[in-house]
> 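Can you read through this structure? Questions will come right after.
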Amino acid sequence: MPELPEVETIRRQLAPRVVGRTVVDVDTHPSPKFAPARATRGATVTDLRRRGKYLLAGLDDGRELIVHLGMTGRLAVETPADDPPTGERPHLRAWWRFDDGSALTFTDIRRFGRLAVVPRGDHRRLPTLARLGPEPFDPTLEAATLHRALASSRRAVKTQLLSQRPVAGVGNIYADEALWDAGINPVARRLSVSRSARLLDALRAALASGLRLGGTTLRDYRDADGHTGRNQDELRCYGRAGQPCLRCGTLLRRRLVDGRGTTWCPRCQRR
DNA sequence: GGCTGGCCCTGTACGC
DNA sequence: TGCGTACAGGGCCAGC
């Protein structure tokens, strides 16, 4: 599932191929949830940014196209030499044809992805984006800030991380990895400042590994060139339930937290 | 305003 | 072999 490293990898690949391009044609899957993309016809892409797991393409008419890849969403740029995208293609949800003959395609098997076109910066229709926490690599983000954010709620720390409010861009994989690395139980409800600092360091380390290796591919994720990531070989906790903890040898366990599968070490991550 | 639980989706794995 | 069921999970929303 695309989290911050995967979305940022895709952004870096797409930006030089779509910025400056004008949309000459656009079409979408019949489902109304993808229809907003049609409003981009005639617009020119001015920039491509990322906030958390959201991609934001600035348009020259003062609006922006917002894309969330959900669980299985993929974006790719196809050249004029490729077969033009059509609604016949399986799982194709939206496609844009540019003035140079290239095309941007959005495929999404499970249809958890989202598209929106809004006035630039007006995110009221996307509540999670509107209330998104700071970027984890923001140099002004300090442990005390994360500590205050976590202390403002009594929900489990993993639930809070997945809410995107204490910090942006963390999903199930990197949350499990960071909590294991920091030795914090996923359902802990109060963290000291020092443990918040350990968590922030661990989050940054997990996300940096994902970024460096082009993302984590467990099943569906591909970058904009169709390549899998390489970070899955570096995972030390997520998906390893029943296997020995790489730190203490205790068998890792799995449970549901906030409805999400969660792997943790009962010894290293005591409550 | 905070929190919980249900819903959206479809491919895959598994049991019968 | 074929069918039915459970499961995976990010974000949104209704209800408390």
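Each chain gets a letter, A, B and so on, in the order its sequence line appears, and its residues count up from 1.
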> Verify the contact: side-chain N or O of A/Arg155 to OP1 or OP2 of B/dT4, cut-off strictly under 4.0 Å; return yes or no.
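For A/Arg155, the contact criterion (side-chain N or O under 4.0 Å from OP1 or OP2 of B/dT4) is met.
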> Do you know the tightest heavy-atom contact between A/His29 and A/Trp95?
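Taking A/His29 first and A/Trp95 second, the nearest heavy atoms are N-CZ3, 4.2 Å.
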> How long is the line joining OH of A/Tyr238 and P of C/dG10, in whole Å?
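The distance from OH of A/Tyr238 to P of C/dG10 comes to 8 Å, rounded to the nearest Å.
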> Out of B/dC8, B/dT10, C/dG11, which has the shortest distance to the side chain of A/Arg114?
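Of all the options, the side chain of A/Arg114 is nearest to C/dG11.
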> Which nucleotide, C/dA8, B/dT10, C/dG9, lies nearest any side-chain atom of A/Ile109?
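Closest nucleotide among those given: B/dT10.
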> Between A/Arg260 and A/Arg154, who's closer to the 5' end of DNA chain B by nearest nucleotide?
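The residue whose closest nucleotide sits nearer the 5' end is A/Arg154.
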> Nearest whole Å is fine: how far is C/dG11 C1' from A/Ile66 CD1?
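It is 14 Å, rounded to the nearest whole Å.
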> Closest approach to the side chain of A/Leu256, judged atom by atom: which nucleotide of C/dG11, C/dA8, B/dC9 is it?
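Comparing C/dG11, C/dA8, B/dC9 against the side chain of A/Leu256, the answer is C/dA8.
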> Give the rounded distance in Å between these two atoms: CG of A/Leu150 and P of B/dG2.
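Going from A/Leu150 (CG) to B/dG2 (P), I get 14 Å.
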> Does A/Lys53 have a side-chain nitrogen or oxygen under 4.0 Å from the phosphate oxygens OP1 or OP2 of C/dG11?
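Yes, within the criterion.
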> Atom CG of A/Asp258 and atom P of C/dC12: how far apart are they, to the nearest Å?
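From A/Asp258 CG to C/dC12 P: 14 Å.
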> So what does A/Arg124 touch, heavy atoms closer than 4.0 Å: a base, only the sugar-phosphate, or nothing?
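The answer is nothing, as A/Arg124 stays clear of every strand by at least 4.0 Å.
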> Taking only the side-chain heavy atoms of A/Thr128 (C-beta and beyond), determine which of C/dG9, B/dG2, C/dC12 contains the nearest atom.
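My answer, after comparing the listed nucleotides, is C/dC12.
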> Quick one: is C/dG10 close enough that its OP1 or OP2 comes under 4.0 Å of any side-chain N or O from A/Gln164?
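Looking at the OP1 and OP2 atoms of C/dG10, neither is under 4.0 Å from any side-chain N or O of A/Gln164.
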> Got more than 12 heavy atoms from elsewhere within 6.0 Å of CZ, A/Arg131?
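No.
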> Give the nucleotide from the list B/dG2, C/dC12, B/dG11 with an atom nearest to the side chain of A/His91.
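The answer is B/dG11, which lies nearest to the side chain.
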> Taking N and O atoms by type only, does the side chain of A/Arg110 place a donor or acceptor under 3.5 Å from a partner on the base of B/dG11?
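Side chain to base: no pair below 3.5 Å.
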> Taking the nucleotide of DNA chain B with the closest heavy atom to each, which residue, A/Ser153 or A/Arg111, is nearer the 5' end?
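This one resolves to A/Ser153.
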> Would you mind telling me which of C/dG11, C/dC13, B/dC8 lies closest to the side-chain atoms of A/Phe112?
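For A/Phe112, the side-chain atoms sit closest to B/dC8.
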> Round to a whole Å and report the spacing from CG of A/Leu69 to P of B/dC8.
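So the CG-P distance, A/Leu69 to B/dC8, works out to 22 Å.
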